[in-house]
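Written out below as structure tokens is the structure these notes cover.
Since we're looking at a predicted model, the values are computed, not measured. Heavy atoms only: backbone and side chains are in, while hydrogens, waters and symmetry mates are out.
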Amino acid sequence: MSDLLFQWLRIAAPYLCAAAGGVLSERAGIIALTLEGYLLAGAFGAALGALATDGPWLGVAAGIGAATAVAALHAAATLRFRADQVVTGVALNLLVDGATTFVLRRVYDSSANSPRVEGFGSGGDLGSPVGWLALLALPALWWLLARTRFGLRVRAVGEAPEAATTAGISVARVRWLAVLGSGALAGLGGAFLALDQHKFSTGMTAGRGFIALAAVIFGRWDPLRTAGACLLFAAAETLQIRLQGTAAIPSQFTEMIPYALTIVALATLAGRAAAPAALGKAES
Amino acid sequence: MSRPPGPRWAEALLPPLVALAIALVVGDLLILTFGQSPRIVWGVLLEGTWGNAYGMGQVLYKATTLTCTGLAVAVALRAGLFNIAAESQLAAGGFGAAMAGLALPAGAPAILAVPFCLGAAMTAGAIVGAVPGGLKAKAGANEVIVTICLNFLVLALLNWAVAEHLHVPDSLHTATIRAGGLPRLADVHAAFRGSAANATVLVAVAAIVATWWGLFRTPGGYALRAVGLSPAAAEYGGVSLGRTWFRALVWSGALAGLGGVNYVLGYKRYYEEGFGFGAGFLGIAVALVGRNHPVGVGIAALLFATLSQGGLAVNALVPKQMMDVLQAVVILAVVASVPEVRRLVAQAVPRRP
């Protein structure tokens, strides 16, 4: 029973981190299409960092650093150059996918896998101490958004940037910080993934960033509801793995659950009313 | 609707040219990290793409699919909408064409079979496009998220249909179509032997012309562009926003679906899991670099097809993923320089009273 619980939480961990990044970015008004790229960059940085330094925590730091660097590109393009957020997001996902494989071939002469990463060894029930951080990410973000001055500013620039400007808040500065924080959070999730699987392999995030984005929307941009959505999506995945072979439902149909639920949520009034008012409008 | 002052050609051409220059510099740096000579690598790239009939055929083949997905994204963008589902619409189109080709009796005359299969491809793509279109029109659902989710849904559904029901044993593809196949370029001229280029390239050219006509010469196209430029003004002028959004996304889906014909009717003559290779996502780049103009889309498709085929040509010297990086650099440079160039052009040309 408890190994079922921990399997569930280990599947949920990358979603929880990436979705925390997604909530932070979108609540500040910046569309979080790049979660997939942040996760992949985080996994890549963590694997290379851990291999280069023989230290798992330095690997985690490298993963966060790599994902934050990608987030800095996103912030520079959309905030400094006022580039379209959706196109920038798609391009950065493509960039990270290509660049990680390119560097992998340069450093390890392989276009598929890194050497084995020892990481935290067996790492206990959650795979690694990073897993516990992942569980705390969204509750911590709830506290940040609801209870701190910075959180209030994030919500202000995401809902009413003009009003925030009038109140003396630098919209661009808050958004820069939110996007960088979003990269760091998702990078943590990527680092968990690489250390949990003891390697980096190309495209290893396999759409997890998009599932996290779906969780943000299904969770109506609220940190705690989003955590619930992540756990729900991860539970479906865990059950699928457990039921494999018993041929209850084809795996393709359980894969659809997060996306189908998100579309349904968007098609109902509740989903729309909850979106930050200035989401995606930073360029205007 | 107001057009920013200044020469239109500068505004249209400067961002892609700036982007290419930046991509060349980044490419040089990437090549140098592998200890290779940029001059030699770029030479091999040109030789492997435009230097011989096989390379040209492969570029044409890839450009054909990219033209369709690029037109799909461009039509939606002209209406102010993002269609990120071109990837799954492309797959659905290929699936539709294969199902149509399998349903026909062997030896059905091409003059009937080919239009039937083309129609099936466009219909399948249009159905996928109708979902975000309908949800946008009826419920105001954000089409970016819906189309992203739809990609996963449709690809999982097709995967299930092929893997569980329709595949040839020990493969992930369907049986070979009985009718509706298109001739390969190699059948016309032996020099193209081995390349996948086929008559779908003519279909793509026809799609460029038809899209141009539809966008710029019909009342529906005018309404679509008006909605894209200013939804409020268009609505005030009597255009129904919901209906226009729906039409734009259905049209967009049909164009992306048409791209599936290239692989299914022109190349392999069966539907295979994952044949799109990201051409749907690259359609966003093609539309952007082509500045949402049908002719520009065709040119941009050739550029991206050259990069992608060139990656295979230089793979022995530098990893082919270098081209993914360069494609991303081109997109980022264009999308970041468009607002900047618009501002500079507006400054350089004094406003007329």
Sequence neighbours left out, what passes side-chain hydrogen bond (donor to acceptor under 3.5 Å, both in side chains) with A/S25? Give chain and number order.
none
For A/Q252, check side-chain hydrogen bond (donor to acceptor under 3.5 Å, both in side chains) against everything at least two apart and list the hits.
B/N159
Heavy atoms only, distances under 4.5 angstrom: which of A/N93, A/V87, A/L33, A/V90 has the most pairs with chain B? Name it, please.
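Counting heavy-atom pairs under 4.5 Å, the top option is A/V87.
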Could you give me the CA-CA distance, side-chain angles and deciding distance for B/L30 and A/F102, then say whether side chain to side chain contact (heavy atoms under 4.5 Å, CB included) is met?
CA-CA 9 Å; B/L30 292 177; A/F102 185 88; 3.8 Å; yes
Cut-off 4.5 Å, heavy atoms of chain B, and the answer for A/I31 is neither
Using a 4.5 Å heavy-atom cutoff, which residues in residues 68-77 of chain A come close to chain B?
none
Among B/N315, B/V329, B/V334, which residue has the highest count of heavy-atom pairs closer than 4.5 Å to chain A?
B/N315
What's the verdict on side chain to side chain contact (heavy atoms under 4.5 Å, CB included) for B/V338 and A/F81, showing C-alpha distance, side-chain angles and the deciding distance?
CA-CA 9 Å; B/V338 165; A/F81 290 101; over 6 Å; no
Take A/L266 and B/L135 through the test side chain to side chain contact (heavy atoms under 4.5 Å, CB included) and record every step on the way to the result.
CA-CA 9 Å; A/L266 270 180; B/L135 288 176; over 6 Å; no
Between the main-chain N or O of B/T33 and the side-chain N or O of A/R106, is there a donor-acceptor pair closer than 3.5 Å?
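At least one qualifying donor-acceptor pair exists.
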Determine whether A/V86 and B/I84 make a side-chain contact, defined as any pair of heavy atoms from C-beta on separated by less than 4.5 Å.
yes
Can you find a pair of side-chain heavy atoms, one from B/L282 and one from A/L94, that are under 4.5 Å apart?
yes
Who pairs with A/F253 by ring pair (Phe, Tyr, Trp, His ring centres under 6.0 Å), at least two apart in sequence or on another chain?
B/W160
Please give me the minimum heavy-atom distance between A/A267 and B/A139, naming the atom from each residue.
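In this case the closest contact between A/A267 and B/A139 is O-CB, 3.4 Å.
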Derivation and outcome, side chain to side chain contact (heavy atoms under 4.5 Å, CB included), residues B/V146 and A/T262
CA-CA 8 Å; B/V146 172; A/T262 303; over 6 Å; no
